[in-house]
**Q** 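Input: one structure, supplied below.
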Amino acid sequence: MCGRYTLHGSPAALKAHFGTTNELDLKPRFNIAPSQTVPVIGLDATGNRVFIEARWGLIPSWVKDSAELQQPINAKAETAAIKPMFRHAYRKSRILVPADGFYEWVVKNGKQPYLIRLKDNEPMGMGGLLEHWQGPEGEVKTFTILTINANPLMAKIHERMPVIIRPEHYGSWLDKGLTDVIKIQEMVQPYPERFMEAYPVSRAVNSPAHDSKELIEAVEG
DNA sequence: CCAGACGTTGTT
DNA sequence: GTCTGG
DNA sequence: CCAGACGTTGTT
DNA sequence: GTCTGG
């Protein structure tokens, strides 16, 4: 699955990769955890690709009291099209969650984290869903990350992995006019293992309080 | 009809 | 064991 | 996802 | 909001 990730590329590099048109105020992040507010990528009213600040953990628009409901950080890509919590956003409000890598854990003498990233070191656009919730303090934007079966590389570490959208699909992934579930499903596939790499990192990653560049350095697993 | 749920993961 | 906070 | 808390009363 | 269970 995907329960922790990194986003440390420069705003300029992220803008170049994702084709966003607004400014991004981002300090490097090496340990993004659920419940935190981070930039995701969607379209503005005129169809421009933009960074949007949103909170990780989805609250559907129909929820009255957000404390009553779980706020899922992941949604199964295989079933998101039909689940009440996700199907609206699946058809109408898909986003890209920019990341430079993500963490998964193996239980081995405790919990050993691994960092997974693209071999070419490009940022990745994880497939996500955005919802707008009207709370007592005004509108809150929240998101969840889609997961899918692991590819063979990832399967050594974990059974599930985040959906990673191929750059050539960014346009149609974000297209609010594309609501055909069959066509959406075609973009939701395990990312090919030949483009990815994984290595063990410091257990300091385990605490979300830690957030420094040392966390992404390889260690003996 | 109304009431209540609406999620994923890993682990057992 | 289970919930909350980050 | 993992780490850390998990409680009440009365007093300051 | 919408579906399921009773």
**Q** Give one of base, sugar-phosphate or nothing for A:V107, where a contact means two heavy atoms less than 4.0 Å apart.
**A**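 A:V107: backbone/sugar contact only, no base atoms under 4.0 Å.
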
**Q** Tell me whether A:L215 shares a hydrophobic cluster with A:L7, the cluster being built from Ile, Leu, Val, Met, Phe, Trp, Tyr side chains joined at under 4.5 Å.
**A**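 In one cluster: no.
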
**Q** With a 4.5 Å cut-off on side-chain heavy atoms, are A:V181 and A:Y90 touching?
**A**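 When only atoms from C-beta onward are counted, A:V181 and A:Y90 do touch, with a gap below 4.5 Å.
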
**Q** To the nearest 0.5 Å, how far apart are OG1 in A:T21 and CZ in A:R49?
**A**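 Output value for this atom pair is 9.5 Å.
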
**Q** Send over the distance from A:W105 CH2 to B:dT9 C1', rounded to a whole Å.
**A**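 My rounded result for the distance is 13 Å.
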
**Q** Are A:Y199 and A:Y114 an aromatic pair by the rule of ring centers under 6.0 Å?
**A**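 Centroid distance A:Y199-A:Y114: not below 6.0 Å, so no.
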
**Q** How far, in whole Å, is B:dG4 from D:dC6 if one measures between their P atoms?
**A**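 To the nearest whole Å, 31 Å.
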
**Q** Measuring only the C1' atom in each nucleotide, how far is C:dT2 from B:dT9? A whole number of Å is fine.
**A**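 15 Å, rounded to whole Å.
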
**Q** Would you call A:E78 and A:K76 a salt bridge, taking side-chain N to carboxylate O under 4.0 Å as the test?
**A**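 Looking at A:K76 together with A:E78, the answer is no, because their closest N to O distance does not fall below 4.0 Å.
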
**Q** Under 3.5 Å between N/O atoms: give me all the protein pairs with nucleotides 3-6 of chain D, atom names plus distance.
**A**
residue	atom	partner	partner atom	Å
D:dA3	OP1	A:N206	ND2	3.3

**Q** Side chain of A:Q70: nearest nucleotide among B:dG7, C:dG6, B:dT9?
**A**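 Selected nucleotide (nearest to the side chain): B:dG7.
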
**Q** Report the distance from atom CH2 of A:W62 to atom P of E:dG1, rounded to the nearest whole Å.
**A**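 After rounding, the gap between these two atoms is 11 Å.
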
**Q** Under 4.0 Å, heavy atoms only, any strand: does A:T79 hit a base, just the sugar-phosphate, or nothing?
**A**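 Answer is sugar-phosphate: A:T79 comes under 4.0 Å of backbone atoms only.
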
**Q** Would you mind reading off the distance between A:H210 atom NE2 and C:dG6 atom P, rounded to a whole angstrom?
**A**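 Whole-Å distance recorded here is 15 Å.
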
**Q** Is A:L58 touching bases, backbone alone, or none of the nucleic acid, heavy atoms closer than 4.0 Å?
**A**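 No contact.
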
**Q** Taking only side-chain nitrogens and oxygens of A:T147, does any of them come within less than 4.0 Å of OP1 or OP2 of B:dT9?
**A**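 Yes, such a contact exists.
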
**Q** Just the rounded figure in Å: distance from P of E:dT2 to CD of A:E131.
**A**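 Nearest whole value for this atom pair: 13 Å.
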
**Q** Heavy atoms only, 4.0 Å cut-off, all strands: where does A:S61 land among base, sugar-phosphate and nothing?
**A**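 Counting heavy atoms under 4.0 Å across all strands, no contact is made by A:S61.
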
**Q** Heavy atoms under 4.0 Å, any strand shown: does A:A209 hit a base, just sugar-phosphate, or nothing?
**A**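 The answer is nothing, as A:A209 stays clear of every strand by at least 4.0 Å.
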
**Q** Could you tell me whether A:E159 atom CD has more than 12 heavy atoms of other residues or ligands within 6.0 Å of it?
**A**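 Atom CD in A:E159 is not packed in, count stays at 12 or less.
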
**Q** Base, sugar-phosphate, or nothing for A:Y103, non-hydrogen atoms under 4.0 angstrom?
**A**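 The residue A:Y103 makes no contact with any strand.
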
**Q** Whole angstrom is fine here: how far is it from CE in A:M85 over to C1' in E:dT4?
**A**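 That distance rounds to 16 Å.
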
**Q** Under a 3.5 Å distance rule, please check whether A:D100 uses its side chain to pair with a backbone N or O of A:H8 as donor and acceptor.
**A**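 Between the backbone of A:H8 and the side chain of A:D100 there is a qualifying donor-acceptor contact (under 3.5 Å).
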
**Q** Consider the side chain of A:P34, meaning its heavy atoms from C-beta on, and name the nucleotide among B:dT9, E:dG1, D:dC1 that approaches it most closely.
**A**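 Within the option list, the nearest is D:dC1.
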
**Q** For a stem of at least 3 consecutive Watson-Crick or G-U pairs with distances under 3.5 Å, i pairing with j, i+1 with j-1 and so on, which stems involve DNA chain B?
**A**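 Stem list for DNA chain B: B:1-6 with E:1-6.
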
**Q** Write down the distance between CH2 (A:W56) and P (D:dC2), rounded to a whole number of angstrom.
**A**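 Nearest whole value for this atom pair: 11 Å.
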
**Q** Answer yes or no: is there an ion pair linking A:E122 with A:R117, defined by an N-O contact shorter than 4.0 Å?
**A**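 Salt bridge absent between A:E122 and A:R117.
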
**Q** Assess whether atom CD of A:E23 is packed by more than 12 heavy atoms of other residues, nucleotides or ligands within 6.0 Å.
**A**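 Count not over threshold, so no.
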
**Q** Find the distance A:Q112:CD to D:dC1:P and express it as a whole number of Å.
**A**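 Rounding to the nearest Å, CD of A:Q112 and P of D:dC1 are 17 Å apart.
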
**Q** Taking D:dT11 as the reference, what is the distance to B:dC2 when you measure between their C1' atoms (whole Å, please)?
**A**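 It comes out at 50 Å once rounded to the nearest Å.
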
**Q** Taking the P atom in each of E:dC3 and B:dG7, what is the distance between them to the nearest angstrom?
**A**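 Looking at atom P only, E:dC3 and B:dG7 are 13 Å apart.
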
**Q** Could you tell me whether the side chain of A:N74 and the main chain of A:C2 form a donor-acceptor pair under 3.5 Å?
**A**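 Such a contact is found between A:N74 side chain and A:C2 backbone.
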
